[in-house]
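See below for the structure under consideration.
Since the structure is predicted, the reported quantities are computational estimates derived from the model, not experimental observations. So that the names make sense, note that chain A is the first sequence line, chain B the second, and so on, each numbered from 1.
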There are 2 protein chains.
Amino acid sequence: MPTVEDVLERAIELVEPSEEEKKKLSETASALLEVCRRKFSNIEGFVEASVEGSAAKDTWLRSKPEIDVFIHFSPTTSREAIEKVIIELGAEAVQEMGGRSRLRYAEHPYVEGFIDNITVNIVGCYEVPAGKWISAVDRTPHHTRYVVSKLTPRLKREVRLLKGFLTGTETYGAEIRVGGFSGYLSELLIIHSGGFLELLKAASGWRPPVVLDIEGRLARREALALFTNSPLIVVDPVDKNRNVASAVTLTKLSEFILASKIFLENPSISFFTGGFMHKPHSLESLAEDRELFAVMFRIDEYVPPDVIWGELRRSAAGIKKRLELAGFNVYNYGIDERDGSIVLVFELDKINLPSRFVHRGPPVWMRDAIRFVEKHLSSPDTVAGPWVEGERLCVLKKREVISVDVLLKKWISQGEVSISKQLNEAFISSKMVAGWREVINMLGSGIHASFLARFLSSRPAFMEEFGRKKQA
Amino acid sequence: MPTVEDVLERAIELVEPSEEEKKKLSETASALLEVCRRKFSNIEGFVEASVEGSAAKDTWLRSKPEIDVFIHFSPTTSREAIEKVIIELGAEAVQEMGGRSRLRYAEHPYVEGFIDNITVNIVGCYEVPAGKWISAVDRTPHHTRYVVSKLTPRLKREVRLLKGFLTGTETYGAEIRVGGFSGYLSELLIIHSGGFLELLKAASGWRPPVVLDIEGRLARREALALFTNSPLIVVDPVDKNRNVASAVTLTKLSEFILASKIFLENPSISFFTGGFMHKPHSLESLAEDRELFAVMFRIDEYVPPDVIWGELRRSAAGIKKRLELAGFNVYNYGIDERDGSIVLVFELDKINLPSRFVHRGPPVWMRDAIRFVEKHLSSPDTVAGPWVEGERLCVLKKREVISVDVLLKKWISQGEVSISKQLNEAFISSKMVAGWREVINMLGSGIHASFLARFLSSRPAFMEEFGRKKQA
């Protein structure tokens, strides 16, 4: 088994950009900043342009260069005016740099571009003092200043190791799809703990809810009262009313805690290389005899991912709830989205409900007890009874529809499933299949195949490695 | 549809003994009483002999003549001495009358005999004033006196109608097997309500717990406090601390309430003729596709029925509980006993557990979380995972044994099922079969066939009739 030192030495090579890469990023950032300053200089309300994010903080990952240019406006400028010029001049700036661009939406529209394999974002913000925030991105320049003031060259390397570790363990990213750790959060965690290994050691002792407050702005009790239901609370050093880790779900935090524990006991480069190791298993042998059910449909590709993923997660939870209400047991489920094609896969205890069920009627002393007897005696789907159990009438009924796909389609059409309104039509006209062979037929080849394999194994790469070592 | 009057007219013929029968019973009773008096007259402690029960009260059912002779002893006589002479001289008395006899056990041994197709019981009791009871049967002569003082010829006929109705609806009998209404209880109900139809009308408005107190000895509140958990409380006129209806289960009381309601709306002679009407259905068509499971074994025939039935009911409830703990859903179950052959039949939602299940492990922050991961990674019955859900580890496992018969046998052997100790060995070596075809193969012909048909229909005769009428 390699030592932690061996592994970190290899990991540093994976996460630390080469000198050449660094030079290219730095030159591109300077050039883009200059173009932007020139383009926006005559615009009303323009204050300045700045490089923010990982490029400014020198914490970006090797092979993942990204430049965020923020265009600062005075607080009196209207949102509409800012949006308009960002869209227009941002695209022009990227074009002038020889790149291509597209419009993206977060809280506000921004321009995303690709220049020489570097991702660039051109974002409009208000130039305001701390605490006087107007739009959601106004804190960013303050974040950059704070982090830059704290990071030494060693700590920058430690941030990169952490980002590499989070990426490899699939816990990196504050988007709803992931529910994990943002770049800024990673930097604060390193600043707080003083290093990568120090953080992992601390994390392996964490029990949610976890409260971290670098600047000591809030008492633990205050933080818990302010950020209820957050499993991880990291008080923003530039705004004590904000939890930097608000996007982190309990599951992702727990995965990070577990990964930390396993890494410290069994260090391996797989925590940084990530991805799932596909065992030589075929999908068939993985899926055989399992009670699988899948839903597939297409969505408009231009809806922002955070919107779609929020709706998909809510809808999947609503489906799980409805299935369990009907007597299905949902073991696990997964969601995949590729190029506008959506897939939900559920693993159940069974894909068919029992063909008979006991219908419990009123107590015999109720006025309508005799009507219950009458109704079920003359009903063709009565199998046995009515009989009396305790004070209640019972009757054994035949269930006509038992297959999960047909039942769910029916329930959704009847508005009995709590799924997002925007997706209702898509679900009604979706393709639903039940049975492991049917699910493999639909998803086993093509763009969702790798998702299906990962869902069926439900085990991250670093765990596979751990299992192998332990067996060896 | 016949009127209530039509039906009662026919029913009276079914329940009222012929003059000839009455004469024969009366003569046999007198003769037996005389023989007993002679035989016991020289025995130390003997006080007198008397005829009790339905013969003394003239409330016995046509074709069901029964004579109870009570031998009264002074309170100073020892129980052992009474038991000894009852066993010895009781048998002699029956023999002298040309009958055959056998020993039976209730609280104490007594002699049961058959003389000329009349059942006779010879029972020893203490001659004591009300309230000074020594043995459980000492109240009986007081009951007889009370009932005789209250019953007019009309009320005797009404008692017989009620007993016929209870027999036909399978609610007659205080033995544990039935959990229904005793003869004395039937008489008190008629005395209380003033007639058969009056009782049915009252009963169709009952909501348990029901408190009846003919002599007004207890406030309702007192009665409920004294006889907690009794769905029907009928205060004994000769002993206010005794509930005459203590044997009546909630299910039997509810069946009586329901039968009363249906009879008043749809009077039919089937309420008195009873039994199940077997529809032209074959057992196969009744059982088809149902998830049945049966247990069969033999017991010692000489154990008193109330003991056996108590143990069988407790054991069946224990099995139901264990099956539901494991994830089976028990729809209904039935018990049959014939000539020492015992059968339990269960109807379930499934006879096999799912072949996969989610095993939920510790939260990731627990010290042993990593050991859980390690253990399940290297275990051959792990199908998928471990994965993290919320703060907990989960893993999908393969279940090796899934069939209810094999599982239950294993659980009983391991002492995991709450079944009565006396039956433990019998259950371990019992025959267990799962599947509707297998159950029909085992029980579909032979002594348990009619029980199986009744279990599969789970519907009393009077309901079948009701169903047919409503459809017609």
Contact winner vs chain A - B:P354, B:A369, B:P363, heavy-atom pairs under 4.5 Å: B:P354

Best-contacting candidate, B:I262, B:V395, B:T382, B:L253, against chain A by heavy atom pairs under 4.5 angstrom: B:I262

Would you give the length of the straight line joining atom CH2 of A:W387 to atom OG of B:S254, rounded to the nearest 0.5 angstrom? 15.0 Å

Given a strict heavy-atom distance threshold of 4.5 Å, which part of [X] is in contact with chain A: side chain, backbone, both, or neither?
X: B:V383; value: both
X: B:K350; value: neither
X: B:L348; value: neither
X: B:L456; value: backbone
X: B:R392; value: neither

Are [X] and [Y] packed together at the side-chain level, in the sense that at least one heavy-atom pair is separated by less than 4.5 angstrom?
X: B:E291; Y: A:R356; value: no
X: B:E347; Y: A:V358; value: no
X: A:L258; Y: B:L393; value: yes

Correct closest heavy-atom pair for B:A384 and A:R290 would be CB-NH2, 3.5 Å

Is it the side chain or the backbone of A:F455 that comes within 4.5 Å of chain B heavy atoms, both, or neither? neither

Can you say whether A:L353 sits under 4.5 Å from chain B via the side chain, the backbone, both, or neither, judging by heavy atoms? neither

